[in-house]
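In what follows, a structure is listed as structure tokens, so that the remarks can point back to it.
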Amino acid sequence: TGTVPSLRPVAHFTARDTWLNDPNGLLFHDGTYHLFFQNNPQGSTWGEISWGHATSTDLVTWQEQEVAIWATDDEMAFSGSAVVDSQNTSGLAGPGETALVAVYTSAARPRAGAPGIQSQSLAYSVDAGATWTRYAGNPVLDIGSTEFRDPKVFWFGAETGADGGPGEGHWVMVAVEAVDRRAVLYTSPDLLSWTYASAFGPAHATGGVWECPDLFPLVVQETGETRWVLVVSLNPGGIAGGSGSQYFVGDFDGTTFVAERLSTSTEPADHDWLDYGRDYYAAVSFNHVPDGRRLMVGWASNWEYANDTPTAPWRSAMSLVREVDLVLGADGRHRVRQHPVLPPAEVLPGVFELSVPCGAGDRTALVLTGDDGGSDRLVLTVDGDERSITCDRTQSGAVDFHPAFPSVDWAPLPVGADDVVDVVVVVDATVVEVYVGGGLVTLTEQVFPSSPFTRLDREVLSTAG
Ligand code: FRU
């Protein structure tokens, strides 16, 4: 199979000519959004993992920057997060400076007789993210494990006190003990020394290792109450096969997360998923976004075939940035709702907003095709009897580069979508994102058509009346 070099997304970040996987260190600082990412600066497959860097002021157009944290002879820089240490709790900033502090996993290169320990380390920038220095005291947290990674750090408490000085609070780190399917929490006053606080899991989907956790508060739209969301990616064992991202809703008191709904079911459909497609993994949120907005980005690929997707010289894209909130369903369950942050229509023409009947007897196909009159297509089917929306990419273009790629994926229709459901389809070259029922259900899929999908046609397969 050849590659499709002309297909490059516009609003989904891609590295210029290299590999990327997980989003890392997402933060807002001084008018700029920073997106770091797992990057192989030397190639277009996974390896020599470093932190690449991109910036944006609108969350839609991204500018790739210099590599922030390079792999060294001793370690690769695995996933993690970054914070603005505005009160200089770490002491890493000099007079008049502000430190951005990245917390990443030092993945030690295995040596003869020595396993590859994963520990948590710091790098910091005092020039607003332009250049990064490894902290001399690394690692800051080492439990002697080869499966301890992906620290997400945030400030718990008020960022500033009433007197303008440091607010009451502490740093929290949530990381994973990956093979034990456990999210582990630590606290710190200064980012340098960490104290074990609690653990969560195994729970719900455990068919693979747990990776890339996140933990953040959201306000429930209906009640105004605050709930905490713990996001856990897992690989494999995702709802669509391969890697996927699940979440838990509950409470967090600064040290311990308690889920409000724990099901003993092993049926993936009984768990809560951030996305039902094949290509939404390692999703985490930005730190320090103003006005309480919670913005997330995922990696729009799947470990099953990520190294084989037919693009060159770049490989893999991020998802759109998604604003998330929480809603309380008629069934008493809190669910995450997601809204894509979109560019003006002239930048990204492929945004389709539809209202689709989904009562008993209703079946509608939404068919995406290109301008070239070719047979490549992506077919979404809304089925009122099955209460489902499926996504068939078996004829979406190049599909035979990996046996796991061609697939028909399933998502439930959201609770409350009884007779009609709204569907938003965003098409951007190699990534299609589908938002169903106001974003209560999403499906993200890669496609590699011979010419970009630009049309969406509706075919009524059956109706109730
Ligand atoms: C998730 C992951 C992380 C790890 C990183 C390495 O996709 O496996 O657990 O830190 O990728 O690139």
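Model, not experiment: these values are computed from the prediction.
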Residues at least two apart in sequence or cross-chain that pass side-chain hydrogen bond (donor to acceptor under 3.5 Å, both in side chains) with N138, listed by chain then number, are none
Donor-acceptor check, side chain of H334 to backbone of V220, threshold 3.5 angstrom: yes or no? no
Any chance the rings of H288 and F28 have centres within less than 6.0 Å? no
Does a side-chain N-to-carboxylate-O contact under 4.0 Å join D272 and R333?
yes
Hey, does the side chain of D428 reach the backbone of H12 with a donor-acceptor pair shorter than 3.5 angstrom?
yes
Notebook entry, point to check: Is the gap between the ring centers of W194 and Y186 under 6.0 Å?
Noted result: no
Contacts of T206 meeting side chain to side chain contact (heavy atoms under 4.5 Å, CB included) (sequence neighbours excluded), chain-then-number -> R181, P202, W210
Between E260 and R227 (salt bridge meaning N to carboxylate O under 4.0 Å), is one present in this structure?
yes
Correct closest heavy-atom pair for L59 and V321 would be O-CG2, 3.5 Å
For V284, the side chain to side chain contact (heavy atoms under 4.5 Å, CB included) test, sequence neighbours excluded, returns P23, L26, D214
E323 bridged to R294 by N-O distance under 4.0 Å: no
If only side-chain N and O atoms count, and only distance matters, is there a donor-acceptor pair under 3.5 Å linking Q118 with S145? no
task: Run the ring-centre check on F154 versus F216 and record whether the distance is less than 6.0 Å.
output: no
So the ring pair (Phe, Tyr, Trp, His ring centres under 6.0 Å) pairs with at least one residue in residues 64-107 (sequence neighbours excluded) are W46-F78
### Task
For the pair E433 and R322, evaluate salt bridge (Lys or Arg N to Asp or Glu O under 4.0 Å) and give the outcome as yes or no after the intermediate values.
CA-CA 11 Å; E433 300 194 22; R322 300 175 175 191; 2.9 Å; yes
Residues 278-291 vs salt bridge (Lys or Arg N to Asp or Glu O under 4.0 Å), sequence neighbours excluded, gives R278-E304, D279-R393
task: Would you please indicate if the ring centroids of F36 and W132 are separated by under 6.0 Å?
output: yes
Contacts of N88 meeting side chain to side chain contact (heavy atoms under 4.5 Å, CB included) (sequence neighbours excluded), chain-then-number -> D85, S90, A93
Heavy atoms of S396 and F453 approach each other most closely as O-CZ, 3.7 Å
> Would you say Q63 has more than 12 foreign heavy atoms packed within less than 6.0 Å of its CD?
Replying inline: no
* Asked: Looking at the rings of F257 and F248, which for Trp means the six-membered one, are their centres under 6.0 Å apart?
  -> no
